[in-house]
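Lettering of chains follows the sequences in order, A, B, ..., and the numbering in each one begins at 1. What you see below is based on every heavy atom in this structure, not just the backbone, and it leaves out hydrogens, waters and symmetry mates.
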Amino acid sequence: MAEARPAAGPALVVHLEGFDGPLDLLLELARGQKLDLSRMSMVSLAEQYLAMVENAEALRLELAADWLVMAAWLTWLKSRLLLPAGSAAQEEGELAAEVLAERLRELAAIRLAVAWLGQRPQLGHEVFARGAPERFVTTDRSQVALDLPGLLRGYLAAMRRAAASRRYRPPPVALWTVKEALGRLRDLVGVLPEWSELARFLPEKPGGALQCRAALASLLMAGLEMARDGQLRLQQAAPFGPILLGQAQPEETGDERNRP
Amino acid sequence: MSETDPETEILAAADRTDALRLAEAFLFAAAEPVSARALAPLLPPDQEPQAVLAELAGRYAGRGVELVEMAGGWQFRTAADLAPRLRRVISVPRRLPRAAMETLAIVAYHQPVTRAEIEAIRGAALAQATLDALLELGLVEPKGRRETPGRPTLWATTPVFLSRFGLGTLGDLPRREDLLIEPAVAQAEFAPQA
Amino acid sequence: MSETDPETEILAAADRTDALRLAEAFLFAAAEPVSARALAPLLPPDQEPQAVLAELAGRYAGRGVELVEMAGGWQFRTAADLAPRLRRVISVPRRLPRAAMETLAIVAYHQPVTRAEIEAIRGAALAQATLDALLELGLVEPKGRRETPGRPTLWATTPVFLSRFGLGTLGDLPRREDLLIEPAVAQAEFAPQA
């Protein structure tokens, strides 16, 4: 090794830089031996590799980790292969050498495939397609895609947005107001019977219990207001007893005597 | 002429064939029309480019592709009579914009409904263009007026709406209570702003 | 009567001419290879697309432009022998660098293949620029992931790869064993390219 260095030194360095990784160099070296990849001497291959890497190192070339890993591995391989044939360690080396040879064969096959592809006429390099293709496809975008899921998504989106933009407001309770009670009683002025129970003048469908009591209260308020103006009369015989409502007496208008 | 050596004649014919092949390939591969001047350097020196182009054009006459002279040079073009038969129309339906789809859904579920009500439910203004688009597609139609001040137009979906969505009747739409499961969403529905 | 009616024969010939013109125009116009299936709907019903394509290819044999069958269809291409002269007038992109060609060959032979596997076979890291170039040219594409820890992306070649190298299918690539059959010859072919 040492004697080869002075002569081949700089050339080898340039050479090394041109390789895409250690396998690349190994394949080149194997080819240099002009040997069948399956029968080549792994020992001599390893020696050549180590010589080149050592040389590169001497020239302070920055070596990538994989170059050094390969160097270490080849050193190990060489040491095994140099052991007497038949020993377990030597067989281990033979096995490892076969693995390496297989990898080199694989890479060699790829190189040959590249050469095969490379000699084929490539589109855009040796053969050319139509330079000005014509398009006869017209795109019609007048149709609208409609689907039910889309419609429902739209509805939900609108509802959700509406929900998000609204502040909470308790639903208003529909109650029969004093104003409405006044209107109802005024309509009845003149056709009122002599005396009848206040509750009979409730609207037909006041709703639930709450609406019922509210309507009764509104009716009482309206009755009190109208009695004050002498438009009708109210009377109650006993506390919590039924409240009776009656026709106003014309001469008593404005008089509040009849009110309990 | 008559004294031309037969060998010279054969060579000339080969040259012509070569020139025609080259011109054909170049015209085919070129992205732009090729002028006689651009073709000249490619041809054997004794071949006149204009004549080569004319001969090539003659060979393509009546074929599916023709060599035509246009501004700036010669170019292969599809024969004019074939173009209509080669034309294919690909339908790429567009999607309805979101606002239109939402409006359509609200009309479907709340019809008959006024524009103000649609806006209240969506919580957003309804652009005239959106309503116009739905009208144009025949998906909604006016359906009388509400007898309130201003007599606003009422909107409803059309039979086209049903057929486009594959519905037999409006009753085939999923129930609102099956859709509006979240309380907040349902809430909004029960308290529409005036 | 065994002989065909002359009128029928004339009509059949006209149909064939029409089919050939249509196929010629359609294939000339297309930017990509055209399959017989894609051509079929354009032709008169009695014309078999595969037969029409074969006849058309025969008519173009030896011309400057040829009709070749490859990946998924037929395409007009300039004749390969004209390349050296056409390259004087048609600008040609740079050839793929060795690393890219090797990566491409590995993907072609080992697909679907992970990046780590490509690197192991080449014994060198895959440069970003190499992958970018192959992707940009549309020669390779990701094809799912391997269901192993890390779920690495798998790479495969594309129809563009087949089309670029004039291959019908991946089966048209020489077998690895055939490539390696004669080491002496193989080594001769290693002659440094590029």
Requested in this report: Output, in order, the C-alpha distance, side-chain angles, deciding distance and verdict of salt bridge (charged side-chain N to carboxylate O under 4.0 Å, His left out) for A:E102 and C:R176.
Outcome: CA-CA 13 Å; A:E102 178 49 37; C:R176 181 181 178 275; 3.0 Å; yes
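- A:L117 is listed as a side-chain neighbour of C:L173, based on a closest heavy-atom distance under 4.5 Å.
- Remark: C:E136 CD is loosely packed, at most 12 non-hydrogen atoms of other residues, nucleotides or ligands lying under 6.0 Å away.
- Within a 6.0 Å sphere centred on CZ of C:R145, other residues, nucleotides and ligands contribute more than 12 heavy atoms.
- A donor-acceptor distance shorter than 3.5 angstrom exists from the side chain of C:T78 to the backbone of A:F128, with no hydrogens or angles considered.
- Contacts between C:R94 and chain A at a heavy-atom distance below 4.5 Å involve the backbone alone (N, CA, C, O).
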Query raised in the report: Given C:M101 and A:R111, is the side chain to side chain contact (heavy atoms under 4.5 Å, CB included) satisfied, shown in steps?
Result: CA-CA 9 Å; C:M101 282 297 283; A:R111 287 286 162 74; over 6 Å; no
Query raised in the report: Where do C:L167 and A:R120 land on the side chain to side chain contact (heavy atoms under 4.5 Å, CB included) test, with the steps shown first?
Result: CA-CA 10 Å; C:L167 300 166; A:R120 287 188 73 79; 3.9 Å; yes
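- Shortest non-hydrogen contact noted between A:D20 and C:A124 is O-CB, 3.1 Å.
- Taking every heavy atom of both residues into account, A:A129 and C:Q75 meet most closely at CB-NE2, 3.8 Å.
- Under the 4.5 Å side-chain criterion, counting only non-hydrogen atoms from C-beta, C:F76 is not in contact with A:R130.
- Taking 4.5 Å as the limit, every side-chain heavy atom of C:R77 sits out of range of all side-chain heavy atoms of A:E126.
- Listed here is the closest heavy atom pair of C:E102 and A:I110: O-CG2, 3.8 Å.
- Heavy-atom pairs under 4.5 Å with chain C were tallied for A:P133, A:G21, A:P22; the largest tally goes to A:P133.
- For C:F26, no part lies near chain A; criterion is any non-hydrogen pair under 4.5 Å.
- Between C:L180 and A:A108, the shortest heavy-atom distance links the atoms CD2-CB, 4.3 Å.
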Report task. Begin from the C-alpha positions of A:H125 and C:R164 and carry the test side chain to side chain donor-acceptor pair (under 3.5 Å) through to its verdict. Result -> CA-CA 9 Å; A:H125 287 265; C:R164 179 178 174 123; 2.9 Å; yes
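- For the atom pair A:L107 CG and C:I121 CD1, the distance stands at 9.0 Å (nearest 0.5 Å).
- Counting heavy atoms of neighbouring residues, nucleotides and ligands inside a 6.0 Å radius, atom CZ of C:R88 exceeds 12 of them.
- Across A:G124, A:G131, A:A132, the residue that shares the most heavy-atom pairs under 4.5 angstrom with chain C is A:G124.
- Checking side-chain atoms of C:R95 against main-chain N and O of A:G118 turns up a donor-acceptor pair under 3.5 Å.
- The contact between C:A80 and chain A is made by backbone and side chain atoms together, counting heavy-atom distances below 4.5 Å.
- Here A:D24 pairs with C:R98 in a salt bridge; the nearest charged N to carboxylate O distance falls below 4.0 Å.
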